[in-house]
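Here the structure is laid out as structure tokens; the discussion comes afterwards.
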Amino acid sequence: MEAIGAVIIDMKGSTTPGPADEGVDRHVGEERGTPVGRRVVLGMLGLGAVGVATGATIQNGLDNLLASVSSKDPTGVTGLLPGGGGFQFYNAASFIPHRTAETYRLTIDGLVDRPATYTLAELRAMPRTRLMRDVQCVTGWRVPRTAWTGVALSHLLELAGVKQEGKALHLTCYDGVYTESLTLEQARRPDILVAYDMNDQPVTEAHGGPVRLYVAPMYFYKSAKWLAGITVTDSVQRGYWEEYGYDIDAWVGRSNGREDAPTA
Amino acid sequence: MPRPLDRGAGVPLATDVRRFTDAERWVHRTTSTLMMTCIITALFLYVPALAEMVGRRRLLVVLHEWCGILLPAPLAVGLFFRAVRADLSRLNRFTSADRRWLRGLLRRGACQTLRAGKFNAGQKLYAAFTGGAILVMLGTGIVLWFPDIAPLTARTGSTFVHDWLALLIGVLVLGHIWMALKDPEARHGMRTGFVSRAWARREHPQWDPQTEPDARSASSRRVN
């Protein structure tokens, strides 16, 4: 640790050579010396400011570099560096809920004519949609070209028959904590899926399996993991992060004060 | 020469000298507690495998934010104490002996304790780095905490600085703990405020404990 600082200081030291101190007395503490500590602190503040100003550009370059390095890195350590790429794991509850392919159930209720409960097998038997899109998180990370396969949410809504007064969807998860919302108009888009495959493999538990929502045009917090229930409501009820100030209409690049390239 | 690993926190020996006052030790203790909480919550927010273990993201975020914003507080309060101010000014000032200490370290790659005062140059640099790092992390952290106060490029830049500086802080804090683990007497000094005279002479030969604010109370006062 000291070696790093030593380089900095030795450079400073060589430009301002200290006085000869051969016969240092025992009160060397009295020697005032130069305020290097203050300079280090001020220097770091300056570097920090430069970093904030130029960080967007630098991180962009680093992302590309790290992406190429981590693709050849068998240890996966580079994936942990800032911008090392890949999905970050976010969980609102204290545990990962477990549902197997056999025990999984999705219920659709609320303002519908035909409430229903589906097993995973029943969902897989429905018409399937496969989308290949970038995943964009509101915290900044983006995973390029991820394939999602599932049932179009609009198809499930059609089967259930939304009543006249139904205006929005309240989505619940079997972690018991997370919730999300969509307006009925949004939910009827063809690029919103109840997804069971990710990159042509069953969605893993960490990624929200066996079944999660996939909302292609919006920031990834809209894509609720461990989807348990779809309730049609007469107005939008804010979801988990939306209670903490995230935008309800979370279009990528047009919300949350961000300007990312759209994902759909 | 080396002392027993742990000699407890009892009454200081007659041969002990005072190194830190209560105020200084509390500044160190609270700062390190806040810093470790920041580091550990950061790990559980950032490393996917750890995040999968605990979840509770919202709770971790709140803990991280509040411990982070409180990090400068212990030292700020400590400024009301003379001993803290005195040591701060010692840490700030680099003497010619410090430059020599660092040059020796660079040349020989080993710590040369000769000529070190109450603090050696490495300790001074570490203190300055920590001070600067806390301020930079605080500034960039606030930008990330309140997304509305800064434009997107500043937020991306702040994320960049916050993430990479966090990595550097983690490495240096590990180094700091490593150095402490290697020196039981230094730990004893931070725990009780007292170190043996022999250790002081060996590690900090240019430090005159008689100049400490309450040097005289070493043998008369009970600690902890």
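Protein chains get the first letters and strands the later ones, always in sequence-line order, with residue 1 at the start of each.
- Using a 4.0 Å cut-off between charged side-chain N and carboxylate O, D98(B) and K124(B) make a salt bridge.
- For Y240(A), the ring pair (Phe, Tyr, Trp, His ring centres under 6.0 Å) criterion is met by Y178(A), Y244(A), not counting sequence neighbours.
- When the heavy atoms of residues 58-68 of chain B are compared with those of chain A, the residues falling under 4.5 Å are R58(B), listed by number.
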Which side-chain N or O atoms in residues 245-252 of chain A pair as donor and acceptor under 3.5 Å with protein atoms at least two apart or in another chain?
from, atom 1, to, atom 2, distance (Å)
D247(A), OD2, N256(A), N, 2.5
D249(A), OD1, Q186(A), NE2, 2.7

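- Looking at R238(A), Q237(A), E242(A) one by one, the single match for side chain to side chain donor-acceptor pair (under 3.5 Å) with S181(A) turns out to be E242(A).
- Interatomic distance, CZ of R85(B) versus CZ of F81(B), reported as 10.0 Å (0.5 Å rounding).
- Using a 4.0 Å cut-off between a side-chain N of Lys or Arg and a carboxylate O of Asp or Glu, K118(B) and D87(B) qualify as a salt bridge.
- Annotation: residues 205-220 of chain A contacts chain B through A206(A) [non-hydrogen atoms, separation under 4.5 Å].
- Within the 4.5 Å cutoff, no side-chain heavy atoms of V36(A) are placed close to those of R93(B).
- With a 4.5 angstrom heavy-atom cutoff, A150(B) does not touch chain A via any of its atoms.
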task = Report the C-alpha distance between E24(B) and R18(B) in whole Å, list the side-chain angles of each, state the deciding distance to 0.1 Å, and finish with yes or no for salt bridge (charged side-chain N to carboxylate O under 4.0 Å, His left out).
result = CA-CA 12 Å; E24(B) 288 173 297; R18(B) 181 174 268 288; over 6 Å; no
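- Within 6.0 Å of CD in E243(A) there are more than 12 heavy atoms belonging to other residues, nucleotides or ligands.
- Of the residues considered (G257(A), A53(A), G43(A), P35(A)), P35(A) shows the highest number of contacts with chain B, using heavy-atom pairs under 4.5 Å.
- For the pair L71(B)/C38(B), a side-chain contact is recorded, criterion being any heavy-atom separation below 4.5 Å from C-beta on.
- Taking 4.5 Å as the limit, some side-chain heavy atom of L138(B) sits within range of a side-chain heavy atom of I142(B).
- Options L91(B), T140(B), L165(B), N92(B) differ in how many heavy-atom pairs under 4.5 Å they form with chain A, and the most are formed by N92(B).
- If you tally non-hydrogen atom pairs under 4.5 Å between each of L45(A), I58(A), V52(A) and chain B, the highest count goes to V52(A).
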